[in-house]
Structures are given as C-alpha cells and as structure tokens.
Amino acid sequence: SSMSPTIRLLEHIEDMFLVEDLQRRVWGADDAIVPHHLLLTVAHNGGLILGAYEDEQMVGFVFGFPGLVQTSTGSQLKHCSHMLAVLPEYESQGLGYLLKRAQWQMVRRQGIPLITWTYDPLLSRNAHLNITRLGAICNTYTPNMYGDMRDSLNQGLPSDRLQVEVWVNTPRVQDRMSKRPRGQLDLAHYLSAETNILNPTHLNHAGWPHPTASPHLPETPPTEHPALHLLEIPSNFSALKTADPALALTWRLHIRELLQDLFARGYLITDFVYLKGEHPRSFYVLSDGERTLGE
C-alpha cells in the first residue's frame, strides 16, 4: 500500500465490532475473543483501544486498561496492555511498534508511569519488539499462566509468560520511542566484552537448536563489575514447535528453569540481540538488577 498506516483512538461501538472481527481473523478461536461490549466499556473508562489502518481498513489494534500494582508503599497505578494483534499479511510492517508507541504516548498523557503486558518468552520476534525496540525490562516469569490454551498459536504447550514493564518516563524508554533508531548493539559487542553465554546451543541433525544440558549459571553474589549474561532462545520457535513438539517442550522447561533462577538471583532482562544468518541466533541480555534499573 502506498499510504502510510494511521493509528486512531477507538471509542464507538461500530469500531468495537471491527476489533472483535479482527481478533477472530488473527486467533480463529472464539474462546479467545474479547467481546465488543467489554471493549466499549473499557474505552469509556480510562482504557485505550487503538486501531491501525491501511487504506481505511483496520489491520491491527492494541487494547489495554488501567490497573493497580502492589508496591512496598501501597498500590500504584499502571496501564495493563492486554492484547495486540496485526493481520498476518501486515505483520512485518512495523505496525506493532507504531501501536505500542501510540499507546505509550496516550498513557504518558494520562499521567500513568508504568505499562505492563505479557508475552511468550520463546517468541524471538516479540522479544525483539518488546525489549529491543520498546525498551521494556523484565524480571517476572509465570509458568502456565493461562492454563492449556486451545487456539492454534498456543496449543500443546504450557502457556508460560513473561510480564514486561515499560517505565513510561525513563530516558531508556523515551529514547527507544523516539523516531531516532538507536545504534543496536550486536552479539559481537557483547562477546568482545566477554559476556558469558549461559546456555550455548548446538544444532541437531535437522538443523534445530538444542539447549545445553548443563548451563553455566553466574556466581552469586555477582562480582564487582556488573556482569552481563546472554541466554539463548530459538530464533523461530513456532516453526520448531510444528516440526518437533518434544523439543519445543524441552525448550519451554529449560528457559522456565533458567529465567526463574536468574530472576530469583536479582537479574533482569534489559536487552535482546538477534543475529541474522543462515541459522539466525537470538539472545536475551540479563543484567544485575540493582545496578541497571535507573538507566
């Protein structure tokens, strides 16, 4: 399409029927649909539903609502982003980024300091969008969050999720939401800084990555220098899952164990690196939490 996409705030019932329809086209399962009446109520009570349009057709949306997070000093307001969808044929056009960026602008205008949402930790593209491009950080892992899901994307595996945090007013987030693309650190930068790969993988005979049986976990407590660690995940998990469901489950349990362990030790995910090539590679970057939160 020659036109650039536009993002609109949705507030009318007609829009909500379109959002419902778009969900069906993306997920295919009726039990996964957020209905029009709930969408409308949320939109009229401080929540946000934003639509992405190409040539006057709605091709994506993001949906969230105000929530509370319990802190040591009481409860704090946040925006809970529940759903983001883009039609498959529009997937690689950066619409997810534009929708999340518009959401961030609106939430900032509402004066809310934090946006959270969840995603599957094994999805490399989502990790790239959330961590690298939007500046989210993460130290919360929930095993099998939604129970056994029946839609085609999630069938057959425990629905483990990471909850990511976007701190709306931090320099880190403002920098990544600005249209200036940031100089992306690649794997070579991390390896030249002697960053440890916790779970170096090897490819099996079919070309799929296998996790290592004995990960190198960091010492506790961390040494003087804030150590960065790399945690590898498959670069195309959905293809791997289709080809080898047993290996997919192995990866699920491997990453679950490692991330829960690292988060318990005070590490958090602060970056994500994707290495192109014939066998692309994907890595989370973990930092010692106490030192990095203020960035």
Side-chain angles (χ1 to χ4, degrees), residues 22-33 52 59-63 81-97 99-100 117-134 136 138 141-164 187 199-212 230-259 269 272-284:
L22 202 142
Q23 292 177 70
R24 276 197 190 87
R25 290 167 67 189
V26 170
W27 282 291
D30 253 10
D31 64 346
I33 305 295
V59 298
F61 75 92
V62 67
F63 158 61
S81 185
H82 182 59
M83 211 173 240
L84 169 75
V86 172
L87 288 177
E89 59 269 33
Y90 291 92
E91 238 170 18
S92 49
Q93 299 184 18
L95 290 176
Y97 176 77
L99 281 162
K100 296 302 281 191
W117 66 90
T118 62
Y119 79 100
D120 184 331
L122 287 168
L123 297 180
S124 175
R125 282 176 66 159
N126 298 36
H128 176 77
L129 174 64
N130 295 334
I131 313 290
T132 313
R133 299 213 51 213
L134 298 169
C138 173
Y141 193 105
T142 309
N144 207 22
M145 181 167 180
Y146 297 108
D148 298 327
M149 298 171 78
R150 293 193 288 279
D151 63 288
S152 56
L153 291 177
N154 295 294
Q155 227 165 342
L157 271 190
S159 54
D160 291 22
R161 294 294 181 266
L162 287 175
Q163 177 174 283
V164 296
L187 194 58
N199 61 337
T201 62
H202 62 275
L203 298 178
N204 69 10
H205 59 89
W208 299 112
H210 260 251
T212 175
L230 296 170
L231 183 69
E232 186 159 6
I233 63 167
S235 280
N236 190 343
F237 185 65
S238 41
L240 184 157
K241 191 170 69 170
T242 306
D244 191 340
L247 179 57
L249 183 60
T250 301
W251 266 109
R252 169 66 87 222
L253 301 176
H254 170 78
I255 292 297
R256 175 193 291 181
E257 185 184 353
L258 286 181
L259 281 179
I269 292 171
F272 179 80
V273 186
Y274 176 74
L275 197 67
K276 294 189 179 76
E278 189 191 347
H279 294 289
R281 299 183 74 182
S282 295
F283 299 87
Y284 285 111

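Residues T142 and T118 have side chains not in contact (no heavy-atom distance under 4.5 Å, counting atoms from C-beta outward). Side-chain atoms of L122 and P234, non-hydrogen and from C-beta on, do get closer than 4.5 Å to each other. Here the side chains of T201 and R281 are in contact, with some heavy-atom distance below 4.5 Å. Taking 4.5 Å as the limit, every side-chain heavy atom of F237 sits out of range of all side-chain heavy atoms of R125. Residues V62 and S81 are in side-chain contact: their nearest non-hydrogen atoms beyond the backbone lie under 4.5 Å apart. Residues L230 and N199 have side chains not in contact (no heavy-atom distance under 4.5 Å, counting atoms from C-beta outward). In this structure the side chain of L95 never reaches within 4.5 angstrom of the side chain of L84, judged on heavy atoms. Side-chain contact between R24 and I33 is present, with at least one heavy-atom pair separated by less than 4.5 Å.
Note that the NZ atom of K241 and the CH2 atom of W208 stand 12.5 Å from one another [nearest 0.5 Å]. Atom CG in L231 sits 5.5 Å away from atom CG in L258 (nearest 0.5 Å).
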For this session: For N204 and L247, run side chain to side chain contact (heavy atoms under 4.5 Å, CB included): C-alpha distance rounded to whole Å, both residues' side-chain angles, the deciding distance at 0.1 Å, then the answer.
Result: CA-CA 10 Å; N204 69 10; L247 179 57; 4.1 Å; yes

Exercise. Would Q163 and Y141 count as a side chain to side chain contact (heavy atoms under 4.5 Å, CB included) if you check the C-alpha gap in whole Å, the side-chain angles of each, and the deciding distance to 0.1 Å?
Worked result: CA-CA 7 Å; Q163 177 174 283; Y141 193 105; over 6 Å; no

Exercise. Step by step, would you call H210 with L203 a side chain to side chain contact (heavy atoms under 4.5 Å, CB included)?
Worked result: CA-CA 6 Å; H210 260 251; L203 298 178; over 6 Å; no

Exercise. Could you go step by step and tell me if I131 and I269 meet the side chain to side chain contact (heavy atoms under 4.5 Å, CB included) rule?
Worked result: CA-CA 8 Å; I131 313 290; I269 292 171; 4.0 Å; yes

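Under a 3.5 Å cut-off, the side chain of S159 and the backbone N or O of G147 do form a donor-acceptor pair. Put simply, the side chain of N144 never gets that close to the backbone of P158: no donor and acceptor are under 3.5 Å apart. Side chain of S282 to backbone of S124: no donor-acceptor contact under 3.5 angstrom is found. D244 places no side-chain N or O within 3.5 Å of a backbone atom of L240 that could act as its donor or acceptor partner. At least one donor-acceptor pair under 3.5 Å links the side chain of W251 to the backbone N or O of P209.
Across all non-hydrogen atoms, the minimal contact from L99 to A85 is CD1-O, 4.5 Å. Heavy-atom minimum distance, P211 versus T250: CG-CG2, 4.0 Å. Here the shortest heavy-atom pairing between I255 and I233 reads CD1-CG2, 3.8 Å. Among all heavy-atom pairs drawn from L162 and C138, the shortest one is CD2-SG, 3.6 Å. When all heavy atoms are compared, the tightest approach of L259 to P121 is CD1-CB, 4.3 Å.
With hydrogens and angles left out, the side-chain atoms of Y119 and N130 include no donor and acceptor closer than 3.5 Å.
With respect to R252 and D120, a salt bridge is recorded, a charged nitrogen being found less than 4.0 Å from a carboxylate O.
The aromatic rings of F272 and H128 sit perpendicular, their planes meeting at an angle over 60°, well past the 30° parallel limit.
Heavy-atom contacts from other residues, nucleotides or ligands closer than 6.0 Å to CD of E91 number more than 12.
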